[in-house]
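So the structure is just underneath, and the comments pick up after that.
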Amino acid sequence: MKIVVLKFGGTSVGTIKKIKKIADIIADYRKKNFRVIVISSAMSGVTNDLIKKSEDISENFSSSEYDALVSSGEQIACSLIAGRLIHKGLESRSWLAWQIPIFTDGLHKNSRISNINKIKIIKYLQKGGIPIITGFQGINSNERITTIGRGGSDASAIMFAKFFKAKRCVIYTDVEGVYTTDPNKLSKAKKIKVISYEEMLEMASLGAKVMQPVSIQDARLNRIDIEVRSSFVKKPGTLITKRSNIVNNKIITGISSTHNDSKVTLVGVKDKPGVAASIFKPLSKNSINVDMVVQNISPNGKETDLTFTIKTDDLNKTKKIIKDNKSINFRKLLFEKGVSKISIIGVGMITTPGVTFRMFKL
Ligand code: ADP
Ligand code: ASP
Ligand code: MG
């Protein structure tokens, strides 16, 4: 079977008009005799709305109920797509994670897909059906619904491409591909034709929202080529592939930025080995991702300041952990919201001097 996996992001299914448009794209692949597996995200804005509702109910909304709640957006989008395909005379239906099932490992809100049962989907493909599958969700060993992190439908698509040995995995989105920087922020940004998993992973982890970082790790591990392209205009997109497939003489591949970080500083912590670990251990136990760490030189050899960045969503939890943990000693706790991180990415930089100067030059 010539299987293709097509993933549509929230921006591609954000309105009824857009859903009708992508149904035409899906139908075109079917016409060309591909067996099509579709993964869809929720209509844009829906997941954010659901998260907001959970926060309005409780500051400590249960993680398992969070997953049951926020995964519901995908069900709506999938049934609308399937409904449109049926309207066009095609065989299609929506599938929720538990109906397949898609299994996940790990904590609620941040699971990883570990296995997909292929039996029902293969049968459905064989009779010509187009399965429209909810991205972002799975079930765990307790048969509870789990979600796989924000933007997780990208990873759902990659895992389907892996388990079904798809010929192609196409990520349809609202921009024409991966650009040197966010094209919605800088009109001078250039579309990148091909990019390696490694550089894409760096760009994504450092803030390029176009692909979810976990999905790139999964693609790299399983050697799955990804095509990122627009669901609005028919133009070639970006290929994400292994480095040996790429001839590249660029010094810098791209620039990424984040805008929802927070900076935490512990003033006056003991300057001795092991102190930093004692601060980061309880954070790691609570699944808080610490990003940049700076420890100043100690003027008196006894005390120093330790600064690190985290996602602003984790700030309240971090403050509580540090204040409640009696084994962490410091004189003052400072924090700052609304911190941005700007990063330049490119393997060519390793051997090229002067990049830092150019970055900081006005
Ligand atoms: P989807 O709904 O398809 O999942 P996302 O909103 O998750 O779409 O990702 C697409 C958005 O990523 C674009 O609209 C763009 O603003 C943003 N983006 C950030 N950095 C980049 C980049 N380097 N190249 C392309 N898009 C980027
Ligand atoms: N709907 C989910 C989110 O907004 C998953 C996704 O978009 O891929 O995070
Ligand atoms: Mg996305």
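Everything quoted here is computed from the prediction, not taken from an experiment. Both counts, for ligands and for their atoms, begin at 1 and track the order of listing.
Neither the backbone nor the side chain of Q212 has any atom closer than 4.0 Å to an atom of ligand 2 (non-hydrogen atoms only). When non-hydrogen atoms are compared, ligand 2 lies under 4.0 Å from the backbone of S153 as well as from its side chain.
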For ligand 1, which of its N or O atoms have a protein N or O partner closer than 3.5 Å, and how long is each gap?
| unit_1 | atom_1 | unit_2 | atom_2 | d |
| --- | --- | --- | --- | --- |
| ligand 1 | 2 (O) | G10 | N | 3.0 |
| ligand 1 | 2 (O) | T11 | N | 3.0 |
| ligand 1 | 2 (O) | T11 | OG1 | 2.9 |
| ligand 1 | 3 (O) | T11 | OG1 | 3.2 |
| ligand 1 | 3 (O) | T173 | OG1 | 2.6 |
| ligand 1 | 4 (O) | K7 | NZ | 3.3 |
| ligand 1 | 6 (O) | K209 | NZ | 2.8 |
| ligand 1 | 8 (O) | T173 | OG1 | 3.3 |
| ligand 1 | 12 (O) | V210 | N | 3.4 |
| ligand 1 | 14 (O) | D174 | OD1 | 2.9 |
| ligand 1 | 14 (O) | D174 | OD2 | 3.1 |
| ligand 1 | 14 (O) | N184 | ND2 | 3.0 |
| ligand 1 | 16 (O) | D182 | OD1 | 2.8 |
| ligand 1 | 16 (O) | D182 | OD2 | 3.2 |
| ligand 1 | 16 (O) | N184 | ND2 | 2.8 |
| ligand 1 | 23 (N) | Y179 | O | 3.0 |
| ligand 1 | 24 (N) | Y179 | N | 2.9 |

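Considering backbone and side-chain atoms alike, R150 places an N or O below 3.5 Å from some N or O of ligand 2. At a 3.5 angstrom cut-off on N or O pairs, K7 does not count as close to ligand 2. For ligand 2, the polar-atom distance check against G151 finds a nitrogen or oxygen pair separated by under 3.5 Å.
Here the side chain of T134 pairs no donor or acceptor atom with the backbone of Q75 at under 3.5 angstrom.
Using modelled atom types and a 3.5 Å distance limit, the side chains of S327 and N325 yield a donor-acceptor pair. Judged purely by distance below 3.5 Å, without hydrogens or angles, the side chains of D67 and T147 pair a donor atom with an acceptor atom. A donor-acceptor contact closer than 3.5 angstrom links the side chains of T312 and S262.
Comment: R112 engages D218 in a salt bridge, judged by a side-chain N to carboxylate O separation of less than 4.0 angstrom. With salt bridges taken as basic N to acidic carboxylate O contacts below 4.0 Å, one links K52 and D56. Using a 4.0 Å cut-off between charged side-chain N and carboxylate O, R84 and D24 make no salt bridge. The pair R144-E65 meets the salt-bridge criterion, with a side-chain N (NZ, NE, NH1 or NH2) lying under 4.0 Å from an Asp/Glu carboxylate O.
Across Q137, E74, K209, M43, heavy-atom proximity to atom 1 (N) of ligand 2 is greatest for E74.
Looking only at heavy atoms of the protein, atom 6 (C) of ligand 2 is closest to S41 OG, 3.2 Å.
Proximity of H108 to N140: side-chain heavy atoms (C-beta onward) are separated by under 4.5 Å at one or more points.
Within the 4.0 Å heavy-atom cutoff, G152 counts among the residues contacting ligand 2.
For the pair K118 and F164, the distance from NZ or CZ to the six-membered ring centre is under 6.0 Å and the angle to the ring normal is within 45 degrees.
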